[in-house]
Amino acid sequence: MVVAFTGDPFLAREALLEEAQLRGLARFTEPIPEALAQALSPGLFGGAGAMLDLREVGEGEWKVLKPLLERVPEEVPVLLLDPKPTPARAAFYRARERRDFPTPKGKDLVRHLENRAKRLGLRLPAGVAQYLAGLVQPFGGALEPDLEALERELEKLALLEPPLTLEKVEKVVALRPPVTGFQLVGAVLEGNAKEAFRRLRALKEEGEEPLRVLGALAWQYALLARAWMLLKEVPRPKEEDLTRLEAHPFAARKALEKAKGLGLEELKRALDLLMAAEERAKGGKDPWLALEEAVLGLVDPRVSTG
């Protein structure tokens, strides 16, 4: 019986370890054929079974493991930790059990925090939950939050004397507030090239990948486009209308504010420009240069970035 655990790395690993405990598996097996073959053979001190961490396994290594996994009997548990499976492994899982654990975002991330806090006996005020969610979900939700980092912070907060206030939390959390996509987009929309490039430098110093920033900017402008279309349909949207924007409520409200002064052609041009920049970056051009040119083109429509 082969079971693959995919999705968020933290949630997938946690679920795998819980299943391993039920199955009597205590440690990961090295993902090489010899170690796996040995684990699949019953020993003197227990039955057969294995846990494999495939996160660093390449295509060549997978090809030699696959024949062994294809022959695993139904009664032998093999648990695979594979948060982001390659296409080849995803195809392999289609005929087997796959348990997927998507990374929560937006409202789901806040609920995740509240539920995890309850498990620790911690009462998490709504404002604190929103604050913590914002620390690990930069760009208004375009990038995946680090749930393991959040868990460590919750464990720390559980040791504080109640009541838990935002002021207390800000003093003890180790996570640094991210440079957000809204800050960068805000500078762009204001035509403030100096501020936009200051934000870009900050992102570079933080170690952000330029392609991730391009993708996040494209997500942010796509959100603005959805907000623009929502305002055309519902000039005075209510709270329940925000769910149609598929973003965190805070990000959705910000997008509605900014979309009011934008035109559809302006939004289309921005998305086209960002997609072209991504193609150039993936096609061999220096990614940071492609990103900087895109931001310059967004700030000043007269600039050609072709």
Side-chain angles (χ1 to χ4, degrees), residues 5 7-19 21 83 100-187 199 202-203 205-208 212 216 219-220 223 227 236-258:
F5 293 78
D8 183 86
F10 175 75
L11 296 179
R13 188 175 192 278
E14 184 177 65
L16 180 143
L17 292 177
E18 288 175 359
E19 183 69 23
Q21 190 172 26
D100 193 56
F101 300 86
T103 303
K105 295 182 181 180
K107 286 183 178 179
D108 290 337
L109 178 57
V110 175
R111 280 194 290 268
H112 167 84
L113 282 164
E114 291 169 343
N115 291 334
R116 301 296 296 200
K118 285 178 185 176
R119 291 174 57 166
L120 295 169
L122 174 65
R123 183 183 174 279
L124 201 64
V128 171
Q130 293 273 3
Y131 171 74
L132 291 172
L135 289 179
V136 295
Q137 191 162 248
F139 302 107
L143 305 180
E144 291 190 351
D146 185 343
L147 298 188
E148 186 168 3
L150 275 176
E151 192 74 11
R152 302 291 82 80
E153 295 303 329
L154 288 175
E155 290 169 357
K156 189 190 304 179
L157 296 180
L159 301 176
L160 296 180
E161 284 290 327
L164 194 63
T165 64
L166 187 57
E167 185 179 11
K168 283 183 184 178
V169 172
E170 289 175 335
K171 287 179 179 178
V172 300
V173 292
L175 299 171
R176 288 174 17 180
V179 178
T180 69
F182 275 125
Q183 293 170 324
L184 184 53
V185 171
R199 296 292 180 189
L203 287 167
E205 289 167 5
E206 289 286 328
E208 278 292 354
R212 280 162 58 90
W219 183 91
Q220 201 76 68
L223 174 60
R236 294 184 179 180
K238 297 178 181 177
E239 197 69 22
E240 56 267 27
D241 295 317
L242 297 184
T243 58
R244 294 168 57 182
L245 297 183
E246 301 174 2
H248 189 284
F250 174 79
R253 284 191 287 271
K254 279 280 191 182
L256 285 171
E257 288 174 18
K258 292 186 180 297

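If you're wondering where the values come from, they're calculated on a predicted model, not measured in any experiment.
- At a threshold of 4.0 Å, the pair R152-E155 counts as salt-bridged, since one of the basic side-chain nitrogens sits closer than that to a carboxylate oxygen.
- The backbone N or O of P163 lies less than 3.5 Å from a partner atom in the side chain of K168, making a donor-acceptor pair.
- If you take CG on L256 and NZ on K258, they are separated by 12.0 Å, rounding to the nearest 0.5 Å.
- D100 contributes a side-chain N or O that, together with a main-chain N or O of G7, makes up a donor-acceptor pair within less than 3.5 Å.
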Test side-chain contact (heavy atoms from CB on, under 4.5 Å) on R13 and F5; report intermediate values, then the result. CA-CA 7 Å; R13 188 175 192 278; F5 293 78; over 6 Å; no
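- Residues D8 and P83 are not in side-chain contact: their nearest non-hydrogen atoms beyond the backbone lie 4.5 Å or more apart.
- In this structure, K171 contributes its side chain and L166 its backbone to no donor-acceptor pair below 3.5 Å.
- Remark: E114 does not engage R123 in a salt bridge, criterion side-chain N to carboxylate O under 4.0 Å.
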Would E170 and Y131 count as a side-chain contact (heavy atoms from CB on, under 4.5 Å) here? Give the steps. CA-CA 9 Å; E170 289 175 335; Y131 171 74; 3.6 Å; yes
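- Among all heavy-atom pairs drawn from P104 and P145, the shortest one is O-CG, 3.6 Å.
- When side chains are defined from C-beta on, T103 does not count as touching F10, because their heavy atoms never get closer than 4.5 Å.
- E167 CD: 12 or fewer foreign heavy atoms inside a 6.0 Å radius.
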Chi angles and distances behind the side-chain contact (heavy atoms from CB on, under 4.5 Å) call for T165, V169: CA-CA 6 Å; T165 64; V169 172; over 6 Å; no
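- Remark: L223 CG to Q220 CD distance equals 6.0 Å, nearest 0.5 Å.
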Determine whether L157 and L122 satisfy the following criterion, side-chain contact (heavy atoms from CB on, under 4.5 Å), listing intermediate values before the conclusion. CA-CA 8 Å; L157 296 180; L122 174 65; 4.0 Å; yes
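- Distance check, rounded to the nearest 0.5 Å: NZ of K156 to CG of L120 gives 13.5 Å.
- Checking side-chain atoms of D241 against main-chain N and O of K238 turns up a donor-acceptor pair under 3.5 Å.
- For the pairing with Q130, the side chain to side chain contact (heavy atoms under 4.5 Å, CB included) check across L124, L109, V110, L113 returns one residue only, V110.
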When you look at R253 and E257, which way does the salt bridge (charged side-chain N to carboxylate O under 4.0 Å, His left out) test go after all the steps? CA-CA 6 Å; R253 284 191 287 271; E257 288 174 18; over 6 Å; no
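- Going from atom CD of E148 over to atom CG of L11 covers 10.5 Å, rounded to the nearest 0.5 Å.
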